[in-house]
Protein chains: 2
Amino acid sequence: MGHFPTTHQRVVDLLGQRIVDGAWEPGAPLPVEDTLATEIGVSRGALREAVKSLVAKGMLHVRPRTGTRVLPPEHWNHLDPDVLRWKQTGDAAALLRDTSELRRIVEPAAARLAAERADPGHVRALRDALTAMETAAAHPGRSGYVEADIAFHRALLDAGGNRLLGSLGRAVEIALEHSFVISTQTPGAVEASLPGHRAIVRAVEAHDPAAAATAVQALIEAAEQEIARSPGMPSDTA
Amino acid sequence: MGHFPTTHQRVVDLLGQRIVDGAWEPGAPLPVEDTLATEIGVSRGALREAVKSLVAKGMLHVRPRTGTRVLPPEHWNHLDPDVLRWKQTGDAAALLRDTSELRRIVEPAAARLAAERADPGHVRALRDALTAMETAAAHPGRSGYVEADIAFHRALLDAGGNRLLGSLGRAVEIALEHSFVISTQTPGAVEASLPGHRAIVRAVEAHDPAAAATAVQALIEAAEQEIARSPGMPSDTA
DNA sequence: GGACGTCATTCATCCAATCATTTAATGATT
DNA sequence: AATCATTAAATGATTGGATGAATGACGTCC
């Protein structure tokens, strides 16, 4: 459906996925540009542009004569949407754990800031997202519910006016989408989550930071329980 | 001294700084590749590679016929080290405020996780960083103290084992460096901060999450007061 | 008059070939 | 054995051209 991926995107995806999958050890050099380009089937220029994209994400380091080497995973920008997507296909469970932890840390605090400082524009974006969620929930098939949920999430983190928090929210959205899909597919979960979202909007509108934080926390915990009960999740026997 | 910057780095810095400084309105198109390349004084290939780097940071969007357009700031990856550096030269006060807020949210929670889950390797990295801070503090001139402080900060956020938190910490390090420099230049601040750092290491080694969190919080608040008292900071009259 | 298809234009896209620069590995010199 | 010049191998950068995609204008059909 989506248009054909351009060559550049194809090469970036190919290399990024290979790196995440551990095709090359950290510190190990990739094949030289000429051979790697012919192996992939693109020109050297296209390969170099793709490599530059991965350098910008902190995954590669390239130097004359030495070649292109994979940087250790600690150096990767794990908050980059592409990196998150590549990691999703691999160790999805670990990513879900990390994402959930980050949510518990950041979102209640972000809700607190939003309740303290949200201006009318931010409040309206929040209410619009909530309305979209409600209409999508009423609509049979729930088309658009996940998108509305993400928009709500985004509006909440933007409402505090802290751009770093905004970027952080946008980063984890890719990882969040998966959990939202699970919640939407679980019967009754959508109806159960709507009151929680309404409570958040109420708290932000009333400029009640404590209420906003607790409402978000309750929502996150409910979502985590949905995920834990979803099929394909190993019960925590450790 | 650092070597001469390569053409690629030069162009990325030039364009990134220009975008952050608002040389082009969000949504406005940049000059076409040919003219922009000749204007900067590089070839199309070098310009294209630089543009790809900025696309990877979420600042540009390029399409045939439409051209290269600046994306709205909400879409930028504000957690990218380069983006933070470019923003630093402009509205440094706002960035300092956002960074400080993020620290207060993330670092106590990260310290809590570190105390819960730090393995011996992480603990050793933490202690090594502390030792480096102590030796740098004893050394006249304090050379290397800022670097050691950043290494400590990094080790703490890595110790929790959450890669997203690790990337988050690495992201704000660039912004943090400034405040560390201020603290180091303030007489007596270095000696005052060392016990706080030792308390963090003790709490992590003792697997005491609450103590770790409070120790970090105390350190952050002390640093904020140092910044507030530093010259060039407008007193909070609002 | 409005909707739909066609076409030309304008860019980015991708490729191929070439030269310059950096740098490690090697060899020569003392 | 340590230092310095040489060399070769890889990236860095440039040029020119061919291709493809998106847009706006134009014309046709209902």
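First the proteins, then the strands, lettered A, B, ... as listed; each starts at 1.
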Distance, rounded to the nearest Å, where R48(B) contributes CZ and dC14(C) contributes C1': 8 Å
Is the closest side-chain heavy-atom distance between L168(A) and N162(A) below 4.5 Å? no
Got a sec? Which of residues 55-65 of chain B come in under 4.0 Å of DNA chain D, heavy atoms? R63(B), P64(B), R65(B)
Does anything in residues 24-33 of chain B come within less than 4.0 Å of DNA chain C? Heavy atoms only, and list the residues if so. V32(B), E33(B)
Any side-chain heavy atom of I19(A) sitting closer than 4.5 Å to one from L60(A)? yes
Only Watson-Crick and G-U wobble pairs, only distances under 3.5 Å, only runs of 3 or more: what stems does that leave for DNA chain C? C:1-30 with D:1-30
Side-chain donor-acceptor pairs under 3.5 Å in residues 63-77 of chain B, sequence neighbours left out?
residue	atom	partner	partner atom	Å
H75(B)	ND1	G58(B)	O	3.3
W76(B)	NE1	L71(B)	O	2.9
N77(B)	OD1	L79(B)	N	3.3

Less than 4.5 Å apart, side chain to side chain, heavy atoms only: is that true for V172(B) and V106(B)? no
Expected output: side-chain T186(B) to main-chain I182(B) donor-acceptor under 3.5 Å: yes
Heavy atom of residues 9-20 of chain B under 4.0 Å from DNA chain C: which residues? none
Quick one, R10(A) with D13(A), criterion salt bridge (Lys or Arg N to Asp or Glu O under 4.0 Å). Give me CA distance, side-chain angles, the key distance, then yes/no. CA-CA 5 Å; R10(A) 212 193 77 224; D13(A) 260 21; over 6 Å; no
Specify the closest pair of heavy atoms between P81(B) and I174(B), including all atoms of both residues, with the distance to one decimal. CB-CD1, 3.5 Å
With a 4.5 Å cut-off on side-chain heavy atoms, are L30(A) and V51(A) touching? no
Closer than 4.0 Å, any side-chain N/O of T66(B) to the OP1 or OP2 of dA12(C)? no
By nearest atom, which of the nucleotides dT14(D), dA12(C), dC15(C) is closest to the T68(B) side chain? dA12(C)
Who are the salt bridge (charged side-chain N to carboxylate O under 4.0 Å, His left out) partners of K52(A), not counting sequence neighbours? E49(B)
Kindly give the atom pairs (protein nitrogen or oxygen, nucleotide nitrogen or oxygen) under 3.5 Å for nucleotides 17-19 of chain D.
residue	atom	partner	partner atom	Å
dG17(D)	O6	R44(B)	NH2	2.8

Rounded interatomic separation in angstrom, taking CG from L47(B) and C1' from dA12(C): 11 Å
Point-to-point distance, once rounded to the nearest 0.5 Å, from NZ of K87(A) to CG of L95(A): 5.5 Å
T7(A) vs dC14(C): side-chain N/O to OP1/OP2 distance below 4.0 Å: yes
Who pairs with R18(B) by salt bridge (charged side-chain N to carboxylate O under 4.0 Å, His left out), at least two apart in sequence or on another chain? E39(B)
Identify every side-chain donor-acceptor pair in residues 144-155 of chain B under 3.5 Å, counting partners at least two apart or on other chains, and give the distances.
residue	atom	partner	partner atom	Å
Y145(B)	OH	S193(B)	OG	3.0
D149(B)	OD1	H197(B)	NE2	3.4
H153(B)	NE2	E107(B)	OE2	2.8
R154(B)	NE	E173(B)	OE2	3.2
R154(B)	NH2	E173(B)	OE1	2.8

Heavy atoms only: give me the nearest A137(B)-L194(B) pair and the separation to one decimal. CB-CD1, 3.9 Å
Taking only residues two or more places apart in sequence or in another chain, which ones pass salt bridge (charged side-chain N to carboxylate O under 4.0 Å, His left out) with D158(A)? R170(A)
Mind checking what makes salt bridge (charged side-chain N to carboxylate O under 4.0 Å, His left out) contact with R127(A), not counting sequence neighbours? E205(A)
OP1, OP2 of dC14(C) versus side-chain N and O of T6(A): anything below 4.0 Å? yes
Mind jotting down which residue pairs meet the side-chain hydrogen bond (donor to acceptor under 3.5 Å, both in side chains) criterion with at least one end in residues 27-36 of chain B? Sequence neighbours excluded, please. E33(B)-R48(B), D34(B)-R44(B)
